[in-house]
Each structure stands twice: as C-alpha cells, then as structure tokens.
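In what follows, a single structure is set out as structure tokens and then discussed.
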Amino acid sequence: METIHERRIDILKSKMNQLFEDQKNVHVLYSYNEMENYIKQVLSYIQDGIMAGDYVILVENDRIYPIIQKELSTRLTKDQMKLLHFVNNFDFYCSSGSYHPPAIEEYFNKTVQPYVENKISFRSWAHVEWATLEEPLHIIEEFERTVDKAVNLLSFPLICAYKKGCQTT
C-alpha cells in the first residue's frame, strides 16, 4: 500500500516532469533531510531525464556516486547509462582551491560546451555540500544568481540539492 509521503513524491515528480517538458530553463533548489530520500530523488531525476532523451550531468560526491551508479545499472541499459555524465562535486566546486563562483562557472561552461555546441538536450543535478555552517551567504547567493543566468541562457533544467541544516539562511 502506498503511503501519503510516497503519493506526495509521485505528485511532485509528475508536476516536475511536466514542468521540464513545458519549460526547459528551470532551476530548482532541493533541500533534503535523509540520504535515502535524496538517493531516491536523484535516481528518479536521472532515470526520467534519460527516458526523455536527455543527457544528465550529475555533479555528485565520489562516496554517493557508486551507490547511484549501481542502482541505475539495474534500471537502465548500458546504452542508456552512457547518457549519464558524472562530475566529482569537490572538483567542480573547488577547482580553484576554494569555493569561487567564477571558477565554478568556468568549470561548468567547459563541462556543458560539447552539449551546447552539438545542440544536445541535457539536464543537470548538482549536489552542493558544505564543510561547515559558516559559509558566507553572499557567496551562495552569487553562485545561485550565476546559475540562474546559465539556466536561462542555455535553457536546461537544473536541480541544486542542499542538505537541510547545512545551508546558510
């Protein structure tokens, strides 16, 4: 029997998929509590994207990615798995040695360049992790504004996932 929580997730998933069909330039901030729910959401997002014919750029940490990859390998064919592009989130967010939005933007542009140049449809999921709760809010806000511009310019859906309690508000 389906729980109320599972029903809400199905409704949200359906509405989100409809939103991505209607409008490609969507930037969603996703806040999660439990890792199990996080993994279910990222798996669903990747699988739905691949089934829609999109490449999926997954910015994830190297501890969680093998869990995601293992589960996806039971749900998708080898050819479908080729539509998933993994980017280590530590490398992505700290390529300049620290969290620096212009460096992140440059890394992102290099990552999506082949898709943009070849007019290949893609979507992205970015797991944003903070070592401490002391990260300056202005850096996060600057980064999210930069991301909004990229989403609108390149017209692709993006989910930025933050763990509740680790975000600065």
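Between atom CD of residue E36 and atom CD of residue Q41 there is a gap of 11.5 Å, rounded to the nearest 0.5 Å. Within the model, atoms CG of L58 and CD1 of I159 stand 11.0 Å from one another, a figure rounded to the nearest 0.5 Å. S44 OG to R75 CZ: the interatomic distance, rounded to the nearest 0.5 Å, is 7.5 Å. F90 CZ to E60 CD: the interatomic distance, rounded to the nearest 0.5 Å, is 15.0 Å.
In plain terms, the two heavy atoms of V128 and C160 that are nearest each other are CG2-CB, 4.4 Å. When every heavy atom of F108 is checked against every heavy atom of A150, the shortest pair comes out as CE2-CB, 4.1 Å. Heavy atoms only, all atoms of each residue included: P157 and Y45 are closest at O-OH, 3.3 Å. The shortest non-hydrogen separation linking Q80 to L76 is OE1-CA, 3.3 Å.
With sequence neighbours left out, the side chain to side chain contact (heavy atoms under 4.5 Å, CB included) criterion links D54 to K24, S121, R123.
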Full working for side chain to side chain contact (heavy atoms under 4.5 Å, CB included) between Q69 and L84: CA-CA 9 Å; Q69 185 181 33; L84 178 62; 5.7 Å; no
Working for side chain to side chain contact (heavy atoms under 4.5 Å, CB included), residues V151 and F156: CA-CA 5 Å; V151 164; F156 73 98; 3.8 Å; yes
Verdict with reasoning, I46 to W125, per side chain to side chain contact (heavy atoms under 4.5 Å, CB included): CA-CA 8 Å; I46 293 168; W125 178 287; 5.6 Å; no
Test side chain to side chain contact (heavy atoms under 4.5 Å, CB included) applied to Y93 and E129, step by step: CA-CA 9 Å; Y93 292 112; E129 295 179 295; over 6 Å; no
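Here the side chain of T111 pairs a donor or acceptor atom with the backbone of Y107 at under 3.5 angstrom. S124 places no side-chain N or O within donor-acceptor distance of the main-chain N or O of L158, the cut-off being under 3.5 Å. Between the side chain of N61 and the main chain of R63, a donor-acceptor pair closer than 3.5 Å is present.
The closest side-chain heavy-atom distance from V147 to H27 is below 4.5 Å. Between L43 and L72, the closest side-chain pair of non-hydrogen atoms falls below 4.5 Å.
Identified under the salt bridge (Lys or Arg N to Asp or Glu O under 4.0 Å) test for residues 150-160, with sequence neighbours left out: none. Residue pairs meeting the ring-ring contact (aromatic ring centres under 6.0 Å, His included) criterion with at least one partner in residues 49-84, sequence neighbours excluded, are Y55-Y115, Y65-F86.
A single hydrophobic cluster is seen to contain both I67 and V87, as judged by linkage of ILVMFWY side chains at heavy-atom distances under 4.5 Å, directly or through other members.
Among the candidates Y30, Y162, Y32, the single residue satisfying the side chain to side chain donor-acceptor pair (under 3.5 Å) test with H127 is Y32.
A salt bridge links K82 with D79: the distance from a Lys NZ or Arg NE/NH1/NH2 to an Asp or Glu carboxylate oxygen falls below 4.0 Å.
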